[in-house]
Amino acid sequence: MGDSEVVEKLRALVRIPTVSHTDESLIDPAPFEEFRRVLAEAFPLLHERLALHQVRDHSLLFRWEGSGEADPVVLMAHIDVVPIEESAPGQHPPFGAEIHDGAIWGRGTLDDKGSLVGICAAVERLLEQGFVPTRDVWLSFGAREEVSGADAAAAVEELRSRGVAPWFVLDEGGAVAHEAFPGVTSPLGVVGVSEKGTTTIELRAEGRGGHSSTPERGGPTARIARAVVRLEKRPFAPSLPEPTLELFTRIAPHAPLALRPLFANARRLQPLVKRALVLAGPEPAALVRTTMAVTMLSGSPAHNVIASSATAAVNLRILVGDTVASATEHVRKAIADDSIQLDLVDVNEPSPVSPTDDPAFELITSTITELFADAVPTPYVVMAATDSRYFTAICPRVYRFTPFRMTKAQRESIHSHDEHIGVEDFLHGVRWYTRLIERLPA
């Protein structure tokens, strides 16, 4: 299977609008069924020689039997994508999978069909060569990742029921990130060893409502607006969890001369490091604090009606070291208004921290060094949520790394418009997955 064939397979799968919704009644099953059919046609050996178990409606769990009895590994990706915002000013159709300027443009190229096709292409090529892995390799492809659906937990239960205790699990989350840190010109091969917890708190203010011609002070919308402003003025205090301190230690030799002493001595100079990161912009600041984003607002149903109820959804990404309880208490104190009700919509604590002084982590990072010689491999805390967090129930070594080069603009395009992946970067990622499987020890 040549490189051009692999590229066309990715394009074919990106064109299928496998959009997931929190309300499952809104999900169209037809694209997911088409995706499975096209995937089977694209990778016939994989489907012929690996055992397939379907998880819930559309998620897939493959077992590639290895030659030895050592603990298996799990390679993960997801099938679904987020809905399209019709008003977004995209350059190219979100499901067009068009090639422009040496890149494939489309929803899912980075998040996460690029990884899924990369894994499948690596397996298919190795099968063509008659290769047998030294241990079992499981492929877990979820169909409800973008909505924190039940599929990943169901896959974990399926593996648990079979007595599968993985050596390590690898999912999306990191990347070969260019422009990742101010002043650091080398790309960083960031491997997520934990991820922030994701929790949404709904703020609700109640009132009498009425006609807009006779407004009263302090109505529900005014109180919600005041609460939102107060939250922005009271961010969480910065903190430096161990993976972030290790990140600074590793990138210190690649930092500008003026910053090297600060990064190299990050453990001793934590107050200075925290202050510098908070001032460096939203991406570095998110490394060192629990973040809050007001994502949804609601109020009156009509222009001339005063709302009797107003709400704001506050999405929190909870840093390792904080908890849902401590974050909720911070929000409560920040808004300082007992008339506003706080309701937890979903609750996910930060994931356990996976080890970095470990052969599994070394295998992943040394494979990064082999395929991306200019990259600096380093652990970090993933700021988004992935399906891999469910796998911590059966495995202490859960890592997040996507083997694609990504610029800052590309990272910003995820869940936004103009998502794209370089053709050569995608093919290099296929080679990375291939080498990882080849290098699995007995």
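Heads up: numbering here begins at 1 and tracks the sequence.
With 3.5 Å as the limit, one finds no donor-acceptor pair spanning the side chains of Asp418 and Ser413. A side-chain donor-acceptor contact under 3.5 Å links Asp322 and Thr290. A donor-acceptor contact closer than 3.5 angstrom is absent between the side chains of Thr434 and Arg439. Checking Gln91 against His417 by side-chain atom types alone, no donor-acceptor pair falls below 3.5 Å.
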Query - Criterion side chain to side chain contact (heavy atoms under 4.5 Å, CB included) on Glu146 and Asp111, from CA distance to verdict - result: CA-CA 10 Å; Glu146 294 292 7; Asp111 185 21; 2.9 Å; yes

Requested in this report: Dump the intermediate steps for side chain to side chain contact (heavy atoms under 4.5 Å, CB included) on Thr198 and Leu316, then the final yes or no.
Outcome: CA-CA 6 Å; Thr198 57; Leu316 295 102; over 6 Å; no

Requested in this report: List the steps and the verdict of ring pair (Phe, Tyr, Trp, His ring centres under 6.0 Å) for Phe62 and His47.
Outcome: CA-CA 9 Å; Phe62 293 92; His47 284 77; 5.2 Å; yes

Query raised in the report: So Leu139 and Leu116, side chain to side chain contact (heavy atoms under 4.5 Å, CB included) or not? Walk me through it.
Result: CA-CA 9 Å; Leu139 314 179; Leu116 190 151; over 6 Å; no

Requested in this report: Start with the C-alpha distance between Val6 and Val430, add both sets of side-chain angles, then the distance that settles side chain to side chain contact (heavy atoms under 4.5 Å, CB included), and finish with yes or no.
Outcome: CA-CA 9 Å; Val6 177; Val430 175; 4.2 Å; yes

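In this structure, the separation between CD1 on Ile251 and CD on Glu246 is 11.0 Å, given to the nearest 0.5 Å. Atom-to-atom distance recorded for Glu65:CD and Trp138:CH2 is 10.0 Å, nearest 0.5 angstrom. For the atom pair Glu202 CD and Asn315 CG, the distance stands at 13.0 Å (nearest 0.5 Å). Interatomic distance, Leu319 CG to Thr291 OG1, rounded to the nearest 0.5 Å: 9.0 Å. Taken to the nearest 0.5 Å, the OG1 atom of Thr185 stands 11.0 Å off from the CD atom of Glu179. The CG atom of Leu203 sits 9.0 Å away from atom CG of Asp343, with the distance rounded to the nearest 0.5 Å.
Using modelled atom types, no side-chain atom of Arg107 and backbone atom of Val81 make a donor-acceptor pair closer than 3.5 Å. Panel note: side chain Lys274, backbone Leu240; no donor-acceptor pair is recorded below 3.5 Å.
For Ser416, there are no side-chain hydrogen bond (donor to acceptor under 3.5 Å, both in side chains) partners, not counting sequence neighbours. Every residue was checked against the side-chain hydrogen bond (donor to acceptor under 3.5 Å, both in side chains) condition with Glu349, not counting sequence neighbours, and none meets it. For Ser186, there are no side-chain hydrogen bond (donor to acceptor under 3.5 Å, both in side chains) partners at least two apart in sequence or on another chain.
Checked against a 6.0 Å centroid threshold, the rings of Phe141 and His78 do not count as neighbours. In this structure, Phe372 has its ring center closer than 6.0 angstrom to the ring center of His428.
Across all non-hydrogen atoms, the minimal contact from Ala442 to Ala70 is C-CB, 4.1 Å. Closest of all the heavy-atom pairs between Ala327 and Ile318 is CB-CD1, 4.1 Å. Nearest heavy-atom pair across Gly142 and Asp387 is CA-OD2, 4.2 Å.
Few gaps surround CD on Glu48; more than 12 heavy atoms of other groups in view lie less than 6.0 Å from it. Residue Glu232 qualifies as open at atom CD: its count of foreign heavy atoms under 6.0 Å is 12 or below.
Between Asp80 and Arg144, no side-chain nitrogen of the basic residue sits less than 4.0 Å from a carboxylate oxygen of the acidic one, so the salt-bridge criterion is not met. Arg37 has no carboxylate O lying under 4.0 Å from a charged side-chain N of Glu33, or vice versa, which leaves the two without a salt bridge. The pair Arg162-Glu157 does not meet the salt-bridge criterion, since no charged nitrogen lies less than 4.0 angstrom from a carboxylate oxygen. At a threshold of 4.0 Å, the pair Arg125-Glu128 does not count as salt-bridged, since none of the basic side-chain nitrogens sits closer than that to a carboxylate oxygen. Between Glu242 and Arg267 a salt bridge is recorded (basic side-chain N to carboxylate O distance below 4.0 Å). Looking at Glu283 and Arg411, a side-chain N of the basic residue comes within less than 4.0 Å of a carboxylate O on the acidic one, giving a salt bridge. For the pair Glu195 and Arg400, the salt-bridge criterion is met [side-chain N within less than 4.0 Å of a carboxylate O].
Relative ring orientation between Phe181 and Phe248 is described as perpendicular, the plane-to-plane angle rising above 60° on a 0-90° scale split at 30° and 60°.
Checked options Phe426, Phe401, Phe404; the residue passing with Trp432 is Phe401 (criterion: ring-ring contact (aromatic ring centres under 6.0 Å, His included)). The side-chain contact (heavy atoms from CB on, under 4.5 Å) test with Ser140 singles out one residue from Asp171, Val55, Val74, and that residue is Val74. A side-chain contact (heavy atoms from CB on, under 4.5 Å) with Val320 is found for one member of Pro241, Ser351, Ser239 and no other, namely Pro241.
Taking the ring axis of Trp167 as reference, the NZ or CZ atom of Arg135 stays within 45° of it and closer than 6.0 Å to the ring centre.
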